[in-house]
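Below is one structure; the comments refer to it alone.
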Amino acid sequence: MAQSRYNARDRESHWQKIWDEKKLFVTREDAGGPKYYVLEMFPYPSGRIHMGHVRNYTMGDVVARYKRARGFNVLHPMGWDAFGMPAENAAMARGVHPAEWTYANIDAMRTQLKALGLSLDWSRELATCDPEYYAQEQKLFLDFLEAGLVSRRSAKVNWDPVDHTVLANEQVIDGKGWRSGALVEQRELTQWFFKISDMAEELLQALDALKRWPEKVRLMQRNWIGKSEGLQFKLDVIDADGGPAGELEVFSTRQDTIFGMTFCAVSIDHPLAIEAAKSNEALGAYIEECRRSGTTEEALEKAEKTGHELGLRVAHPFIEGKSVPLFAANFVLMGYGTGAIFGCPGHDQRDFDFCKTLGIDIIPVVAPADLSGPALEEYIAAYSDRAEIYDGEGVLINSDFLDGLTIEAAKQEIARRFEAMGKGTRKVNYRLRDWGISRQRYWGCPIPVIHCAGCGVVPVPESQLPVTLPQDVTFDKPGNPLDRHATWKNAACPKCGGDARRETDTFDTFVDSSWYFARFCSPRADVPVAREAADYWLPVDQYIGGVEHAILHLLYSRFFTRAMKQTGHAGLSEPFDGLFTQGMVNHETYKLQDGSWVTPSDVRLEGEGGARRATHAETGARVIIGPVEKMSKSKHNTVDPEDIIGHFGADTIRWFMLSDSPPERDVQWTDAGVEGAWRFVQRLWRLMDRARDWIVPHGSEMPGELSEAALRLRGVSHRRLQSVSEAIESLKFNVAVAQVHEFTRVIEAVVGNPEFENDEGVKWAAREACELAIGMFGSMMPHLGEECWSMLGHDRLLAETPWPEADPALLVEDMVTIAVQVNGKRRDELTVAQDASKEDIEAAALKLENVLRAIEGRDIKKVIVVPQRIVNVVV
RNA sequence: GCGGACGUGGUGGAACUGGUAGACACACGGGACUUAAAAUCCCGAGGGGGUAACCCCCCGUGCGGGUUCGAGUCCCGCCGUCCGCACCA
């Protein structure tokens, strides 16, 4: 028996089979209990799971198992974000159909996930590429369309002229298509949009109420929405002869600095610039030059602020007879505000830089309120020589009727005057733009509309849904297979019955993932969501995923939920009540001398610390150990979870993923760490194996009298139970792991200890301790949990056993050890009764030898006693 | 540039609302068991100094100040690392 070991592979599949047979993890919703919806971001079916998945799904599983044991009806589903480009790329590269490739990947990954022993309800599995799913998505779209949440208009897109396709911004690298390498063009295409910008204010405001979201994510969304309040107003333009030449509309959040205006500028894409360029060759050349140079991020960063005069001037709205030059400038964006600005170099860094290069006047119009007299004059005189503008609080100067006003008051005054003149309005601008959802792709959800020459855009009637993808498509040519399919796009107009053409664009795959959490509530319903189920389960109580989705996916889902509410498909606005973003899994990188990457499994490591050396296992070539980076295929620093599961089992990999690193931070994968987890699995098993015959039998009554040792053990057990519960509840899995380690040591010291051989109370308390320990680690290592649980004589599965309740009476320790300080320095410690009086503690503390020595006979000024914490003697 | 997070032993990290800094783990060293190894178990360990020894003293949570009886924790100012956004008017 001493030689026996826990055979993880064998026992894990055993318990998985039993859970499966008993349908333990199929969602229960009729028990009338409280509900808990825990969801991890569903994976893209790339074909293999990676460590990031393991970490993500393990965390979710601990929560799910914990909540289930706590008596909640738990919804813990899994599905596949199954549409998208990789399937088409595989089709192009290997001639396999995207559907075939995708479903094969799903099968492979499902098997891998099942091997992890996750308590998922597989009966609710869904794949977004399944017509059953996307049919409902099409229904949602039609309802959104009817509700005015969708628009169709022309927009600029990144167009790859070789692949004949639109590229997402991330797919454009240095101005070139990531696949074709062709220079990407900006094209105007008619596109479908979700009107998310109409909800900008609502999406921004509601962030404050998302208390269980990381502050970081809320902040990122806030920045992304980018609200700014200001004034949009018109300025008079005058031509070279001084005659009126129309108006220039600008947006500013600092209209108070209007008296500091020394120039105006428009974007190179602004109609005024384009018009002026027609008769101004030099200007045209400048605009062309800007277009060419402005693609790469690096170029943008280093680009100096340049401009070219339009040959027009702009009249100052409040200074009779004053006018300023008008430029086309490379730093003014067409996509924000009106594409035109008034330049105030005094209090805008960009304008300041611009004017310094071009030698334009700089007039400070705001000064710190405490400056006056000579100091103020000095401030004004030295202003142009500063390196940076002043943009702090202050009062207006050099500004006629605004002089002496605060910035805020001046803003109001200028806004009031423009409004009175009928030339301006207060306006709120958002950076958030509408969500373009059209993709010229095959492997996505078809947009259910028909284009008719006579009737225009006609929605596909619900009776004709779903619009399914044709099977017979080819990928041998670039472009959209749907578009060149012989017959698919031919359709009769639902309105007039005449010949018409199907929309051949498909949805951005972010559409698919914007509502899957709602679909999980009723995955087989013939409506997008069955309201009763959704009203019960939503919102998701705990959503867990990578921070890389902090903006797009989470913002889109928030929009979608609101849109679903508007169209009666949901009863709430916010889909995710609690959000947790876990860190990445990192690993060392390895390179050969020639710079090529080497996979960890091909590397042999020797030595330690600075003397660590790495060689190539096969060739013996010298390998350079590189920095620790996120596991990625491109750097070949991945470790395949399947190998680890095959070697050590699921519990080991799960335990390692939860150990050490706080879950929101990155974790470094190390072989030593996994081996440590493996040893602990064995150690727990051996402990329970040893304990089974030593502790009292299963079901024994608690002895009437417990020895001090037994009581002490019970206290430790219950306090541990309490702290581990709290750690899991707050997702501090690394802390929970540490506590289990600690508790295990305590039990090991008791079980089999001859000192307690005849102490039935200790043996009873030891059983209690073992059982509580199993409960604690059972949510993290569920197979080992079941194994140990049954070893101790239980027939009922651990997965069916409620979470134990800590006995409040046992949570307080009778004796506490507190530190005794003299002048804030710890000199000794004191063990006293938990409820000892301040006076008693003080008296006892002042008798301690170390304390007396530290006092050295000096006068005691004060003694601070904080019961159960500390004593501080001040001399 | 703007915004945010973080900085604790050789390493990952603990430390509740300010109250014994370094829990727990990894790596390391020593020992036990063994013919040997693996596995396992026990012990040690922030740095420095003192003592024959039980032990004792000094320093120590990026750096410099401050508040407090008491600061890893709070405040001010630096430095560094990471992340997000980026000419957003």
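In what follows, chains are A, B, ... by sequence order, proteins preceding strands, each numbered from 1. Source: prediction; values computed, not measured.
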Query raised in the report: From the list rG13(B), rC85(B), rG19(B), which nucleotide is the closest neighbour of the side chain of R431(A)?
Result: rC85(B)
Query raised in the report: When all nucleic acid strands are considered with a 4.0 Å heavy-atom cut-off, which category describes V332(A): base, sugar-phosphate, or nothing?
Result: base
Requested in this report: Output yes when at least one side-chain N/O atom of N223(A) is less than 4.0 Å from OP1 or OP2 of rC2(B), else no.
Outcome: no
Query raised in the report: Is any side-chain N or O of R665(A) closer than 4.0 Å to OP1 or OP2 of rG13(B)?
Result: yes
Report task. Using the C1' atom as the reference point in each nucleotide, state the distance between rC56(B) and rU61(B) in Å, no decimals. Result -> 24 Å
Query raised in the report: If you look at every strand shown and take non-hydrogen atoms under 4.0 Å, does K861(A) touch a base, only sugar-phosphate, or nothing?
Result: nothing
Query raised in the report: N850(A) near the nucleic acid: base, sugar-phosphate alone, or nothing, with a heavy-atom cut-off under 4.0 Å?
Result: sugar-phosphate
Query raised in the report: Would you find more than 12 non-hydrogen atoms of other residues, nucleotides or ligands less than 6.0 Å from E393(A) atom CD?
Result: no
Query raised in the report: Could R222(A) and D208(A) be called an ion pair, given the rule that one side-chain N must be under 4.0 Å from one carboxylate O?
Result: yes
Query raised in the report: How about T831(A) and T817(A): does a side-chain donor come under 3.5 Å of a side-chain acceptor?
Result: yes
Report summary line: Mate of rG22(B) across any strand shown (Watson-Crick or G-U wobble, both atom pairs under 3.5 Å) is none
Query raised in the report: If you measure from the P atom in rG66(B) to the same atom in rA71(B), how many Å do you get, rounded?
Result: 12 Å
Query raised in the report: Mind checking the P distance from rC57(B) to rA38(B)? Whole angstroms is fine.
Result: 42 Å
Query - Inter-nucleotide C1' distance (rC24(B), rA32(B)), Å rounded - result: 25 Å
Query - R690(A) side chain near rC41(B) phosphate (N/O to OP1/OP2, under 4.0 Å) - result: no
Query raised in the report: Looking just at side-chain N and O atoms, do D434(A) and S197(A) make a donor-acceptor pair shorter than 3.5 Å?
Result: yes
Query - Atom pair distance, as rounded to whole Å: CD in E229(A) and P in rC88(B) - result: 18 Å
Query raised in the report: Are S228(A) and rA89(B) close enough that a side-chain N or O sits under 4.0 Å from OP1 or OP2?
Result: yes
Query raised in the report: Side chains of Q232(A) and R426(A): donor-acceptor distance under 3.5 Å anywhere?
Result: no
Query raised in the report: So does R218(A) get a side-chain nitrogen or oxygen closer than 4.0 Å to the phosphate oxygens (OP1/OP2) of rG3(B)?
Result: no
Requested in this report: Starting from the C-alpha separation in whole Å, work towards a yes-or-no answer on salt bridge (charged side-chain N to carboxylate O under 4.0 Å, His left out) for E813(A) and R719(A).
Outcome: CA-CA 9 Å; E813(A) 293 182 80; R719(A) 282 193 296 277; 3.6 Å; yes
**Report entry** Distance, C1' atom - from rG9(B) to rC26(B), rounded to whole angstrom
**Finding:** 13 Å
**Report entry** Toward the 5' end of RNA chain B, by each residue's nearest nucleotide, I818(A) or G824(A)
**Finding:** I818(A)
Query raised in the report: Just to confirm, is there a sub-4.0 Å distance from OP1 or OP2 of rG70(B) to any side-chain nitrogen or oxygen of N823(A)?
Result: no
Query - Euclidean distance for P, rA27(B) against rG22(B) (whole angstrom) - result: 22 Å
Query raised in the report: Taking OP1 and OP2 of rC82(B), is either one under 4.0 Å from a side-chain nitrogen or oxygen of K216(A)?
Result: no
Query - Nucleotide paired to rU17(B) in any strand shown, Watson-Crick or G-U, under 3.5 Å - result: none
Query - 5′-ward residue of the pair T817(A)/A677(A) relative to RNA chain B - result: T817(A)
Query raised in the report: With respect to the phosphate group of rC88(B), does any side-chain polar atom (N or O) of R350(A) fall under 4.0 Å of OP1 or OP2?
Result: yes
Query - side-chain N/O R679(A) vs rA25(B) OP1/OP2, d < 4.0 Å - result: no
Query raised in the report: Looking at rA14(B), rG84(B), rC85(B), which one has an atom nearest to any side-chain atom of W224(A)?
Result: rC85(B)
**Report entry** hbond_proxy K305(A) side chain to rC87(B) base (donor-acceptor, 3.5 Å cutoff)
**Finding:** yes
Query raised in the report: When only distance counts, do a donor and an acceptor, one from the side chain of R686(A) and one from the base of rC41(B), lie under 3.5 Å apart?
Result: no
**Report entry** Phosphate OP1/OP2 of rC85(B) contacted by R222(A) side-chain N/O (<4.0 Å)
**Finding:** no
Query raised in the report: Using atom P of each nucleotide, how far apart are rC69(B) and rU17(B) to the nearest Å?
Result: 22 Å
Report task. In whole angstrom, give me the gap between the P atoms of rG44(B) and rA23(B). Result -> 12 Å
Report summary line: Per the O4'-C1'-N9-C4 / O4'-C1'-N1-C2 angle with a 90° window around 0, rG80(B) comes out anti
Report summary line: With the side chain defined as heavy atoms from C-beta on, I870(A) is closest, among rC69(B), rU20(B), rC26(B), to rU20(B)
Query raised in the report: Reckon S659(A) touches a base, only the sugar-phosphate, or nothing at all at heavy-atom distances under 4.0 Å?
Result: nothing
Query raised in the report: Hey, does D353(A) reach any base, or is it just sugar-phosphate, or nothing, if we go heavy atoms under 4.0 Å?
Result: nothing
Query - Within-4.5 Å side-chain heavy-atom neighbours: R720(A) and S723(A) - result: yes
